[in-house]
Amino acid sequence: MAQCKHEVNTECDELCECVCEACQNIFEMMWMERATKDGLCLDCGVPTTVTVESLLQTQYTHFFQPCKACEPTVKACLAKANLCEACRGPLLNGTCVKCTCTNTDTCTCIQCTTYRNQTRPTTRHS
């Protein structure tokens, strides 16, 4: 097991990736402070007032994974806004065009668009 690169209480914040006991304790203290200050669920980081805007503002805090207590509220909010639960993209007839391939020639999902851009022949003008 690698030794912690930090001395206790020096420049170790909620973004520290070290998992030693001292850094984990600091992370937990910082998390409690941040969650309380920002109005986030202590278990998963989802905002206590769930709106599309608040979810987007905190999306990298909770990484799209609400706890069991927050999940129904988040799902209801996204359904009401007609947004995909996985990527928060718009749904078209109940299907997310960012997550679901429809036709590789015209599909606008990220994977198909990238594939077309990589396989499209380049033209050079003389």
Within 6.0 angstrom of Glu33 CD, more than 12 heavy atoms from elsewhere: no

Nearest-0.5 Å distance, CG of residue Leu42 to OG1 of residue Thr36: 5.5 Å

Close side-chain approach of Val74 to Val46, heavy-atom, < 4.5 Å: yes

CG on Leu56 to OG1 on Thr51, rounded to 0.5 Å: 8.0 Å

Residue pairs fulfilling salt bridge (Lys or Arg N to Asp or Glu O under 4.0 Å) with at least one residue in residues 67-83, sequence neighbours excluded: Glu71-Lys75, Lys75-Glu85

Residue pairs, two or more places apart or on separate chains, that pass salt bridge (Lys or Arg N to Asp or Glu O under 4.0 Å) and touch residues 36-53: Arg34-Asp38

Test item: Thr48 side-chain N/O and Leu40 main-chain N/O as donor-acceptor pair under 3.5 Å: no

Nearest heavy-atom neighbours spanning Cys41 and Ala35: O-CB, 4.5 Å

Residue pair Pro47 / Thr49, side-chain heavy-atom distance below 4.5 Å: no

Partners passing side-chain contact (heavy atoms from CB on, under 4.5 Å) against Ala81 (at least two apart in sequence or in another chain): Val52, Leu83

Exercise: identify the closest heavy-atom pair between Ala69 and Pro72: O-CD, 3.7 Å

Reported CG-to-SG distance for the pair Leu78 and Cys84, which is rounded to 0.5 angstrom: 8.5 Å

